[in-house]
Amino acid sequence: MIYTSRRINGDMMTQAHEPLNIMDGNTTNYSTKTRRGIYLSKCMVFVILVIFTLALVTASLLVYNYAACPRTDQLANVTKYELYHCDQSKLLVLPITTEISNNVIPIETSTVPIDNAPTNLRLPTYVKPTRYYLKITPYIYEGNFTFDGEVSIVLTVLNETEQITFHGVDLVLHDVKLYGNEDGKQVIVTRRIEDPQRHFQTLYLAEMLVVGKQYVLNISYTGILNDNLHGFYRSSYEDKGDKRWIAVTQFQAMDARRAFPCWDEPALKARFTISIARPNNMSSLSNMNIVKRDKHDTLPNYTWDHYAESLPMSTYLVAFTVTDFQNMTDKNFSVWARREALPSAAFALEIGPKILRFLEEYYKIKFPLPKIDMIALPDFKNGAMENWGLLTYREIAMLYENGVSATTDKVHVATVVAHEIAHQWFGNLVTPSWWRDLWLNEGFATYVEYVAVDAVEKSWNITEICILDQVHNVFQLDALNSSHQLSVDVSASEETDAIFDKISYGKGSALLRMLNHILTDEVFNSGVTDYLNAKMYGNAEQKDLWTALTTSARKTGDFEADVAVVMDSWTLQTGFPVLTVSRNYNTGTVSFSQDRFVLINDTTTTQKSPVWWIPVSYTTASEKDFKSTRPRIWLKGEKTITSNITVKKDDWFIANVQQTGFYRVNYDHHNWQLLIKVLKDPGHFQNIHIINRAQMVDDAMNLALTGRLDYGTALDVTSYLSHERSYVPWKAGLSALGYIDTMLSKGAYYLEYGRYVLRLLSGAVGDVGWQLSANESVITAQYRVDLLASACHFEHMDCMQNAVRMYTNWMISPNPDSYDEIHVDVRGIVYCVGVRTGGAREWQFAWERFRVASAPSERHRLLSVLGCTRAPHLLHRYLELSLRNDSGIRKQDVVRVFSTVAGTAIGQPIAFNFIRANWQRLRTFVGSISTLNLIIKVVTRRLNQPHEYEELKRFVAESCSDLGRPVQQVLETISANVQWRERNYETIVNWLLAANKAAS
């Protein structure tokens, strides 16, 4: 336990939490606040009510005239509850005394009914901040998780105004003063209005501000170190039985306003000079380097850390931490973690500088800050955050430990580190003007993470995995009518949170990859560098990137089109096309047509079907040219074209070479048969590129899912997998077949489906086996894990026997902590089978392993397998534990718990019923709309019956209609599931029965 020197009423403030046995079944208090109770007689209650009413009237009059929210120097005598609930609508702030007059600022609260919520959520543009001077003091101990702040903001007046509006939420503002920057003359603030819905604070002034003149706004304030993982928040971890507290920030997208009053919009860049007061036994970090340390004037056990002034940056990129972590350093690159975990940060420190050097060359711009710190945090809502110069991570995203972390964990760390470092230029150096172009940040960083990791770890072949992660995976969401444009208008913070999704990240990445192949590496990279240089330290929109790329392309003469015309058809329209290829086998010509690919055709809309500029690369059986990915034909916003190319009658034809274009491809029946024929030929299927083999499997199964292709043809495509031995096609096949798995899992013919998949798997599973060789490639490691996981899922005998044996030996070993006979790459499979085939004893063993595990990867793995049990009471217990503060399950991991429980036919209805029965409790505990949306998504994905859909609609209407687009996407997905089952269930079952009969 860490204490500070702050005292309350002369005594150190502490709070004890009694240990709770998670298996004892006793009623538990789930609140973060302590409950206290007293018992009174009816008579005593009446007397107290009379006295209370009289006291309330008297106190109200006194408060109205004299009271104020607590000042910084009064905070020691104020409880967290009193501070947080200080009602500023009825109070006056403390007087601001000047040489001219004494001034009391009335505070008003703007109350707008929800039905009439304001639509303009952008700040007025009368003034612009140029510099912030921020001093902040967090009090990191139980009982008083608060912080004091002082901020001076230099403002430049752009338009005449008698008011100033800025952001501030969950803050108690004390002294608020405005001065002329040159003459020091005070401008009287006559009143302040708070707009809680828009997080606005508006100051009304006694005089007009002069255009072009600078003013300084000084504010002292107090805030709460919350436990909701946003703004300036608290986190904790255990160290040898002691609870250690830390304070960290997460401001993207709109949460800097929770830590200091500011102009919290990405276009309003400014320079920041930050000072942090921290306990002497702790250390602080911020975006820049420390330039000075001072003893604290009033807190003897505190030290001030003063940081260098930053470059111009947006508020969401400001970051600071106060921890007792330790670090390792390589020149200007440092990694930080809790003491016990620090050795696991070695890989991040090894690969981080390599990626930094590569990206300096890739962007042709030196990293502009004097240092980079990366810190692994026990609690972090997102995977990681790109704060300029101070990158923050979940521990699982930054820590890798040999012998404990799997090969896939190493890849994950490398790609996340690359993603965040890529942001230091694309997002931090040049920032989108508003969140509508978030994809410029996230899409580019997602694309570059694969480029960078491939450059420093060439043996991984990670660009092949990119197709699975950023194309196939994204198609699923973008096929919904409720998907959204890549460049999309957003206003409220909830809407902004909703666009941090596969569209902004994955589709943005896939479109940049497509554009790179259209323009070539040289042209694309040159245009990107020009864009960054032109907009350095400023803001941009997507049109600025298109202009730079067009100029770069026209220098070579290879691409004369306007990039904006081509790419706006992809970024300003929702969805993506399916390209249908129809061949005339008599003349040899080929026709192409395009249509939007959707899961459900919306027959109620009269809107014209969108069209795209589609780059078409292709090859044939005679050419077999899978290296040339530049387009040979364009559909320039045309619905249909007929080409003058000719293809031999018996040649197969493949469009979208290496799937560089973001679209699906459908063929006429005969061409599909030609492709199936070559795929089923063990001696010739490898004539087709590995990515295009994966593409055909994924396209065929999803075309069948929407009724564009018969399932007989699609399943015939998958049948070739019995002799496929490459990871990418197999992963695509397992993912595509996984939808049928989900839809059939509660039906009478699931056994027939399992027999079919096992028949496909048997050869490949036998080849990879359980024996891992030294220095295995990343692709091989992932291939083995996916195959064995699928085999055990369908109860492959050898797979089950091996897994059960290893789990049992682990349980009976004298020292489970040091048992290492289960290779780390297959531990997740073994653990899941052990829990699934066992009972309460096996589950409890895994739970205890989770409770004592310290390595993030092992904790992550055990959290994922605890939902594998088939015992309903254990699944209920697991969900219950996820909402308890003392269980050891962190808030950041609640979604994972619900996902793993809902991942089986047994657990899904349990999870869905649980959230319905505990919805308000869940909302209060999680405290994040984006997290709630994820939970609803994972617990409903297996629904496919009409009555289940009706139950879901009723639940959404009654409880969570305010969650926005993501919940509408869930409704559309389940509607598609219902329609699919009604349309295809019988067809699939008949095909499986026939296939199994033919194979027997």
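These numbers were taken from a predicted model, which means no experiment stands behind them.
- For R983, there are no salt bridge (Lys or Arg N to Asp or Glu O under 4.0 Å) partners at least two apart in sequence or on another chain.
- Contacts classified as salt bridge (charged side-chain N to carboxylate O under 4.0 Å, His left out) and involving residues 564-581 (residues at least two apart or in different chains) are not found.
- Remark: the Y450 side chain and the Q470 side chain contain an N/O donor-acceptor pair separated by less than 3.5 Å.
- Applying the salt bridge (Lys or Arg N to Asp or Glu O under 4.0 Å) test to R941 and every residue at least two apart in sequence or in another chain returns nothing.
- A search for side chain to side chain contact (heavy atoms under 4.5 Å, CB included) contacts involving P432 returns D437, L440, N441, not counting sequence neighbours.
- Listed by chain and residue number, nothing satisfies the ring pair (Phe, Tyr, Trp, His ring centres under 6.0 Å) test with H472 (two or more places apart in sequence, or in another chain).
- Pairs engaging residues 538-553 under the salt bridge (charged side-chain N to carboxylate O under 4.0 Å, His left out) rule: K535-D544, E541-K543 [sequence neighbours left out].
- Under the side chain to side chain contact (heavy atoms under 4.5 Å, CB included) criterion, R708 pairs with V578, D595, F597, N666, L703, T706, sequence neighbours left out.
- The ring pair (Phe, Tyr, Trp, His ring centres under 6.0 Å) test applied to H230 returns no partner, not counting sequence neighbours.
- Residues that satisfy the side chain to side chain contact (heavy atoms under 4.5 Å, CB included) test with A553, not counting sequence neighbours, are L519, V523, F559.
- Aromatic ring centroids of Y739 and W980 lie under 6.0 Å apart.
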Before giving the answer on salt bridge (charged side-chain N to carboxylate O under 4.0 Å, His left out), spell out for D893 and R890 the whole-Å C-alpha distance, their side-chain angles and the decisive distance to 0.1 Å.
CA-CA 5 Å; D893 295 318; R890 297 183 178 276; 5.8 Å; no
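- Applying the salt bridge (charged side-chain N to carboxylate O under 4.0 Å, His left out) test to residues at least two apart or on different chains, none of the pairs has a partner in residues 417-430.
- When each of L932, T900, L934 is checked for a side-chain contact (heavy atoms from CB on, under 4.5 Å) with V895, only L934 meets the rule.
- Residues passing the side chain to side chain contact (heavy atoms under 4.5 Å, CB included) test with N525, sequence neighbours excluded: Y362, D521.
- Listed by first and then second residue, the salt bridge (charged side-chain N to carboxylate O under 4.0 Å, His left out) pairs that reach into residues 502-511 are D478-K507, sequence neighbours excluded.
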